[in-house]
Amino acid sequence: MEEIQRNFDDFNHPDVEAIAIIRGRVLQALQQYLLERDFKQLMPILMSPITDPLNHAVYPAELQYETRRLKLTASMIFHKQLALTARGHDKIFIVAPNIRLEKAEIKDSENHLLEFSQFDFEIRDGNMHQVMALIEGLIKHTFAEVRQHCSAQLVHLNRHLPHYDTNFPIYSSDELRAEYGDDFEKIMSAKAHTPFFVTNYRREFYDRETPGKRGQYNNYDLIYPDSYGEALSGAEREFEYEQIIYRMEELSMDLAPFANYLEVAKRGLLPSSAGGGLGIERLLKFICGKRRIRDVALFDRTVDTNFLF
Ligand code: ASN
């Protein structure tokens, strides 16, 4: 019962209203920026035979429908690639809920939710430099909109939202690892005063390996400064059947669930593309100057939540 009272105390926290106003403005700014650039908006898909295998282990999130076993969406990655083949869908985005049943070892993380929202986008024939430039524009536009329309809320939250005049720097994970070791993201996020990109991570099979350079990847993360950590991950995509098989086998993946996806690739129908996905709660956390992701979501979905409601 105590916990229920605490929940309603949280609902009445003086910052809740300011955060809600900023949330609305952030969602409007993100969508407006891409709609003005002729992106088509899709609705999210919540269950499917396949979903993002992710780069780290999570508990399976699945349900049974009659004879079918369906996975709850961890990210829209494969549906983004497939949607790009629809007529007029050469630039797309989705505001999508993602379910990731994280293991208890990250229960103290201030950046993870078991369900979160992703602003996910993809461009047919896009390349990494084009997408990184788009992301920078999207972030700067969103901050400008919040500064313009939510100044009272920022004052209330005691948040001075920085204005970035310069381009976001781009580093390669190799150079950062050589200088700072495996914890480079954390160290750099603490040192930096502007958001920055890190390229070339070894991770999921669908991020494109640099053509002609085994073990190098045309992917990128955007990292917030001032210790706020990861904002976005994205990449150019693998789309050629032989290369997809190579990458999946390299990661010892079970190919069977991907039969339909692989058939599309085999027929040469998977487009060349690039895109990425921005964590909406993480963005809101940064904009509002909150340190815990729990503070920007009304209903608790942190890793050690007891799911009161
Ligand atoms: N949405 C990300 C991307 O587009 C993938 C992810 O969330 N794991 O690359």
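As the structure lists them, so they are numbered: ligands from 1, and atoms in each ligand from 1.
For the residue pair Gln81 and Tyr261, a side-chain donor N or O sits within less than 3.5 Å of a side-chain acceptor on the partner. Side-chain contact annotation: Gln28 with Glu145, donor-acceptor N/O pair under 3.5 Å absent.
Nearest protein neighbour of atom 5 (C) of ligand 1, counting heavy atoms only, is Tyr206 OH, 3.7 Å. Distance from atom 1 (N) of ligand 1 to its nearest protein heavy atom, with residue and atom name: Gln118 OE1, 2.7 Å.
Residue Lys80 places a heavy atom less than 4.0 Å from ligand 1. Not a single heavy atom of Arg203 sits under 4.0 Å from any atom of ligand 1. Within the structure, the closest approach of Phe121 to ligand 1 does not fall below 4.0 Å when heavy atoms are considered.
Taking the side chain as every heavy atom from C-beta outward, Tyr33 and Phe93 never approach each other to under 4.5 Å. Within the 4.5 Å cutoff, side-chain heavy atoms of Gln216 are placed close to those of Asp174. With contacts defined as side-chain heavy-atom distances shorter than 4.5 Å, the pair Phe39/Leu134 qualifies.
Heavy atoms of Asp207 found under 4.0 angstrom from ligand 1: none, in either backbone or side chain. When heavy-atom distances to ligand 1 are checked against a 4.0 Å cut-off, Tyr220 has no atom that comes that close, whether in backbone or side chain. For Glu236, no heavy-atom contact with ligand 1 is shorter than 4.0 Å. Here His56 has no heavy atoms under 4.0 Å from ligand 1, in either its backbone or its side chain.
Heavy-atom proximity to Arg100, at under 4.0 Å, picks out these atoms of ligand 1: 6 (C), 7 (O), 8 (N). Every atom of ligand 1 with a heavy atom of Gly234 under 4.0 Å away is listed here by number and element: 9 (O). In the vicinity of Asp52, heavy-atom distances shorter than 4.0 Å reach the ligand 1 atoms 5 (C), 6 (C), 8 (N). Near Asp120, the atoms of ligand 1 lying under 4.0 angstrom from a non-hydrogen atom of the residue are 1 (N), 4 (O).
Contact check on Arg237 versus Glu122 returns a salt bridge, with a Lys/Arg side-chain nitrogen under 4.0 Å from an Asp/Glu carboxylate oxygen. A salt bridge between Glu250 and Arg202 is present, with a side-chain N of the basic residue lying under 4.0 Å from a carboxylate O of the acidic one.
In this structure, Ile22 and Cys150 approach most closely via the heavy-atom pair CG1-CB, 3.9 Å.
Ring centroids of Phe168 and Tyr224 are separated by 6.0 Å or more, keeping the two rings apart.
When the heavy atoms of Glu204, Arg237, Glu122 are ranked by distance to atom 3 (C) of ligand 1, first place goes to Arg237.
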